[in-house]
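I have placed the structure first, in the form of structure tokens, so that the comments after it can refer back to it.
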Amino acid sequence: MSNRTPPEQLTDRLFATERNPDDFRFDASVARVFPDMIRRSVPGYTTIIPMIEVITEQYVQPGSHCYDLGCSLGASTLAMRHGIPYPDCTLVGVDNSEAMIERCEHYVALDDHDLPVILRCEDILSTELSNASVTTLNFTLQFVPPEQRLALLTRIGDATLPGGVLVLSEKIRFESDAEQAIQTRLHHEFKRANGYSDLEISQKRAAIENVLIPETLADHRDRLQRAGFDQVLVWYQCFNFVSMLAIKNS
Ligand code: GEK
């Protein structure tokens with residue numbers, strides 16, 4: 001397992017000065033600083049990415065398709081690529097942000113593995129899915145409107161082969177208000193420790209409020225089971241960020 005941190009490391013200062021509270025969008029300004037933004041904002045991101053390679057290696061099946069849905073700059077796509085030992089597998093990264101896909105192409109070209117990567121600038125709600133052994137939604141489902149999440153997961157469940165998996169990483173919320181308050185404070189402390197100011201934290205929070213809708217772990221488990229996955233386990237948690245493994249047995 002090698003460290004494939006993208007070479008370009010521009011610092012995220014998008015919310016450093018006072019600005020109008022527009023909703024957050026995955027445009028060119030975000031794509032430019034994305035590696036720095038996600039590493040300093042999502043506790044555990046730098047652990048989850050290499051573990052996606054380990055999980056892929058365990059569950060990928062020869063001749064199958066692997067999907068990274070909401071691939072951004074391809075960090076999890078490349079982790080999957082390095083976990084796939086079969087040359088007859090097809091690896092697909094999907095994102096509906098043109099700015100992300102454009103930069104993702106660049107990072108894929110710099111990577112030293114030779115399994116082809118197909119990048120689609122498409123909505124994950126309608127992108128074609130079939131014959132899947134490993135699919136990842138690494139902090140993407142949280143941006144899909146809640147009423148459309150079951151349909152998406154059902155399409156993934158239907159496309160998944162027996163023995164196949166979905167890796168689902170999400171920011172979650174907690175049933176208990178007391179726990180919600182503690183975990184949110186710890187997350188904000190994590191961001192502060194990574195150099196974000198109080199202004200940046202509060203402005204980002206306001207911008208993302210209507211766009212990133214977290215749900216409870218119970219909501220996720222229940223919906224994954226309704227979508228056709230037999231087992232759901234949490235393999236990683238840091239504060240209010242978790243990664244689940246959903247397994248389809250048959
Ligand atoms: C990583 N997985 O580095 N269709 C396609 N793409 C979408 C959709 C949609 N409906 N909604 C959101 N996206 C990556 C990180 S970031 C997470 C994923 C974050 C895309 C959106 O354009 C963005 O690139 C990505 O999902 C979410 O492992 O920023 O916290």
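For ligands, and for the atoms within them, numbers begin at 1 and follow the listed sequence.
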Atom 12 (C) of ligand 1 has as its nearest protein heavy atom F143 CB, 4.0 Å
In terms of ring plane angle, is the pair F190 and H187 parallel, tilted or perpendicular, where the classes change at 30° and 60°?
parallel
Exercise. Check whether any N or O atom of F26, backbone or side chain, sits under 3.5 Å from an N or O atom of ligand 1, and answer yes or no.
Key: no
If the contact criterion is a heavy-atom separation under 4.0 Å, does I49 count as touching ligand 1? yes
Counting from 1 in the order shown, the ligand 1 atoms closer than 4.0 Å to a non-hydrogen atom of E122 are 4 (N), 5 (C)
Atom CD of residue position E175 - does it have more than 12 heavy atoms of other residues, nucleotides or ligands inside 6.0 Å? no
Q142 heavy atoms within 4.0 Å reach ligand 1 at atoms 30 (O)
among protein heavy atoms, the one nearest atom 22 (O) of ligand 1 is D95 OD1, 2.6 Å
re atom 4 (N) of ligand 1, the protein heavy-atom contact at minimum distance is I124 N, 2.9 Å
(request) Starting from the C-alpha separation in whole Å, work towards a yes-or-no answer on salt bridge (Lys or Arg N to Asp or Glu O under 4.0 Å) for D36 and R40. (result) CA-CA 6 Å; D36 179 68; R40 291 201 289 139; 3.1 Å; yes
Residues at least two apart in sequence or cross-chain that pass side-chain contact (heavy atoms from CB on, under 4.5 Å) with S72, listed by chain then number, are F34, D95, M100
- Hey, does Y45 come in under 3.5 Å of ligand 1, counting only N/O atoms on both sides? yes
Within the 4.0 Å heavy-atom cut-off, what M37 brings close to ligand 1 is neither
Evaluate the criterion side chain to side chain contact (heavy atoms under 4.5 Å, CB included) for residue pair I247 and Y59; output intermediate values, then yes/no. CA-CA 9 Å; I247 306 170; Y59 289 97; 3.9 Å; yes
So the atoms of ligand 1 within less than 4.0 Å of a heavy atom of S76 turn out to be 1 (C), 2 (N), 28 (O)
Note: ligand 1 atoms sitting under 4.0 Å from heavy atoms of M100 are 24 (O)
A student checking ligand 1 against S97 at a 4.0 Å heavy-atom cut-off should list atoms 22 (O)
When distances are taken from atom 18 (C) of ligand 1, the protein heavy atom at minimum range is S72 OG, 3.2 Å
Atom 28 (O) of ligand 1 has as its nearest protein heavy atom N138 ND2, 2.9 Å
Of R223, R173, Q142, the one forming a side-chain hydrogen bond (donor to acceptor under 3.5 Å, both in side chains) with E215 is R223
Ranked by distance from atom 13 (N) of ligand 1, the top protein heavy atom is N96 OD1, 3.7 Å
Should the ring pair H113 and H82 be called parallel, tilted or perpendicular, given that the plane angle runs from 0 to 90° and is split at 30 and 60?
-> perpendicular
Review point. Would you call I38 and L73 a side-chain contact if the rule is heavy atoms closer than 4.5 Å?
Key: no
inquiry  = Using a 3.5 Å distance criterion without hydrogens, assess whether the side chain of D88 forms a donor-acceptor pair with backbone atoms of G63.
reply    = yes
- Item | Close side-chain approach of V108 to L78, heavy-atom, < 4.5 Å | yes
Near T140 (heavy-atom distance under 4.0 Å), the atoms of ligand 1 are 18 (C), 26 (O)
Notebook entry, point to check: With a 3.5 Å cut-off and no angle check, do the side chains of S133 and Q61 form a donor-acceptor pair?
Noted result: no
List the atom pairs, with distances to 0.1 Å, where a side-chain N or O of residues 233-245 and a protein N or O form a donor-acceptor pair under 3.5 Å, not counting sequence neighbours.
unit_1: W235; atom_1: NE1; unit_2: S243; atom_2: OG; d: 2.9
unit_1: Q237; atom_1: NE2; unit_2: F239; atom_2: O; d: 2.9
unit_1: S243; atom_1: OG; unit_2: S169; atom_2: OG; d: 2.8

heavy-atom search around atom 14 (C) of ligand 1 in the protein gives G70 O, 3.4 Å
If you scan protein heavy atoms around atom 17 (C) of ligand 1, the nearest is F139 O, 3.0 Å
Item to check | Test of proximity, V144 against ligand 1: N or O pairs below 3.5 Å | outcome: no
